[in-house]
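Just so you know, ligand 1 is whichever comes first in the structure, and atom 1 is the first atom listed for that ligand. These numbers come from a predicted model, not from an experiment. These values consider heavy atoms only, across backbone and side chains, with no hydrogens, waters or symmetry-generated copies.
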Amino acid sequence: MGRVIAIANQKGGVGKTTTAINLASCIADKNKSVLAIDMDPQGNMTSGFGIDKNELENTTYDLLVDDEFQVEDCIIKNLFKQLSILPANRNLAGAEIELLTEKDMQQILRNKLEDVIDDYDFIIIDCPPALGILTVNAMTAADTVIVPIQCEFFALDGLTQLIYTIGLIQKSLNPDLTIEGVVFTMYDARTNLSLQVVENVKDCLDQNIYKTIIPRNVKLAEAPSHGLPINFYAPKSSGAESYNQLADEVINNSEVSYDG
Ligand SMILES: Nc1ncnc2c1ncn2[C@@H]1O[C@H](COP(=O)(O)OP(=O)(O)OP(=O)(O)O)[C@@H](O)[C@H]1O
Ligand SMILES: [Mg+2]
């Protein structure tokens, strides 16, 4: 059964999508079958994989709001090696409101994923910068959450609320949900600030922290405009190296927790 991982932080611009795209692609590179799900109306993950978000017929929006749609109807298969994509575009913004009247609106994604969960080793979900119904659907479907934290002064802002929300979902919708870990992003070795943030978060946050720290790397910023994950765009870059390491950590974690 596939391990479902939501990449979430309601703070904007912390590296959720960059992490979702490149982690999914680097895991797929290691001979795992991966489904990447775009749950953000901005559709950044979709375009980062080189998909024209305005030309899409079926998206996560259709999957969530229409009973008739199944995951298989919306997937773009094997786009990069064993990586398939469930794309999104701005239509998804409408789902926030349309779902309000749906019964079990928090559990739609989880229910729909049941059919395909055995087809994948990993399902990676990119969440929007909000704790609304889309993120709640992602966390309800997920086994674990990875929280990207940008190495900047306000890094810890909002984390209490995020951890509180995850706690609420554990209590009501998904008792098995855990925070898999936090990953530092956009680390700049030239500044003391990055180092201070890492130290500060380690001291203040009682969570698993990935050994891999994602550096600020211009190739990571450029790759989406070429529609390529980092392991295809610049496989020798520090960005590719770090997301490959993170992929190893995530795969190892999943093996440890399956065994235990
Ligand atoms: N390690 C990195 N090095 C350089 N640039 C990066 C890195 N990580 C992310 N970026 C850039 O920072 C910006 C924000 O990153 P990203 O889109 O991944 O954040 P996000 O959390 O998904 O944002 P949002 O909350 O809007 O969804 C993007 O322009 C991205 O290319
Ligand atoms: Mg994003």
K77 and E72 ion-paired at < 4.0 Å: yes
I214 contact mode with ligand 1 (heavy-atom cut-off under 4.0 Å): side chain
Scan residues 136-191 for pairs that pass ring pair (Phe, Tyr, Trp, His ring centres under 6.0 Å), counting only residues two or more places apart or in two chains. none
Answer yes or no: does an N/O atom from D126 fall short of 3.5 Å to an N/O atom of ligand 1? no
In ligand 1, which numbered atoms sit nearer than 4.0 Å to a non-hydrogen atom of P215? 1 (N), 2 (C), 3 (N)
Mode of P148 contact toward ligand 1 - side chain, backbone, both, neither (heavy atoms, under 4.0 Å): neither
Interfacing atoms of ligand 1 (cut-off 4.0 Å, heavy-atom, V14): 19 (O), 20 (P), 21 (O)
D188-S194 side chain donor-acceptor pair, cut-off 3.5 Å: no
When distances are taken from atom 5 (N) of ligand 1, the protein heavy atom at minimum range is A221 CB, 3.7 Å
Going by the side-chain hydrogen bond (donor to acceptor under 3.5 Å, both in side chains) test, name the single residue among D248, T19, T18 that passes it with Y243. T19
Counting only nitrogen or oxygen atoms and a 3.5 angstrom limit, does N44 reach ligand 1? no
Pairing donors with acceptors under 3.5 angstrom, does anything connect the side chains of Q82 and Y120? no
What protein heavy atom sits nearest atom 23 (O) of ligand 1, and how far off is it? G13 N, 3.0 Å
In ligand 1, which numbered atoms sit nearer than 4.0 Å to a non-hydrogen atom of D40? 27 (O)
Verify the contact flag for atom 30 (C) of ligand 1, where contact means a protein heavy atom under 4.0 Å away. yes
Looking only at protein heavy atoms, identify the closest one to atom 20 (P) of ligand 1 and say how far it is in Å. K16 N, 3.5 Å
Check whether any protein heavy atom sits under 4.0 Å from atom 8 (N) of ligand 1. yes
Donor-acceptor side-chain pairing of Y61 and E98 below 3.5 angstrom: yes
Thinking salt bridges, do K81 and D29 make one under a 4.0 Å N-O criterion? yes
With nothing but distance in play, are any N or O atoms of R216 less than 3.5 Å from an N or O of ligand 1? no
Does CD belonging to E57 count more than 12 external heavy atoms closer than 6.0 Å? no
Is it true that the side chains of T140 and Q106 contain a donor and an acceptor less than 3.5 Å apart? no
Taking the side chain as every heavy atom from C-beta outward, state whether L113 and V71 have any pair of such atoms under 4.5 Å apart. yes
Measure V218 to ligand 1 on non-hydrogen atoms and call it side chain, backbone, both or neither using the 4.0 Å cut-off. neither
Could an N or O of ligand 1 be found under 3.5 Å from any N or O of G15, whether backbone or side chain? yes
Return the residue, atom name and 0.1 Å-rounded distance of the protein heavy atom closest to atom 3 (N) of ligand 1. N217 N, 2.9 Å
Using a 3.5 Å cut-off on N or O atoms only, is Q42 in polar contact with ligand 1? yes
Around atom 17 (O) of ligand 1, find the nearest protein heavy atom and jot down its residue, atom name and distance. T17 CB, 4.0 Å
If we number the atoms of ligand 1 from 1 as shown, the ones under 4.0 Å from a heavy atom of L220 are 1 (N), 2 (C)
Interfacing atoms of ligand 1 (cut-off 4.0 Å, heavy-atom, G12): 25 (O)
Take a 6.0 Å sphere around CG of D206 and say whether it holds more than 12 heavy atoms from other residues, nucleotides or ligands. no
Got a sec: does the CG of D203 have more than 12 other heavy atoms crowding it under 6.0 Å? yes
Considering only non-hydrogen protein atoms, determine which one is nearest to atom 2 (C) of ligand 1 and report residue, atom name and distance to 0.1 Å. M186 CG, 3.6 Å
Heavy-atom contacts with T18 under 4.0 Å: which atoms of ligand 1 show up? List them by number with element. 8 (N), 9 (C), 15 (O), 16 (P), 18 (O), 30 (C)
Salt bridge (charged side-chain N to carboxylate O under 4.0 Å, His left out) with D66: which residues, sequence neighbours excluded? none
Taking both backbone and side-chain atoms into account, decide whether Q42 has an N/O/S atom under 2.8 Å from the Mg ion (ligand 2). no
Does a side-chain heavy-atom distance below 4.5 Å link I7 with I5? yes
Any protein heavy atom lying closer than 4.0 Å to atom 11 (C) of ligand 1? no
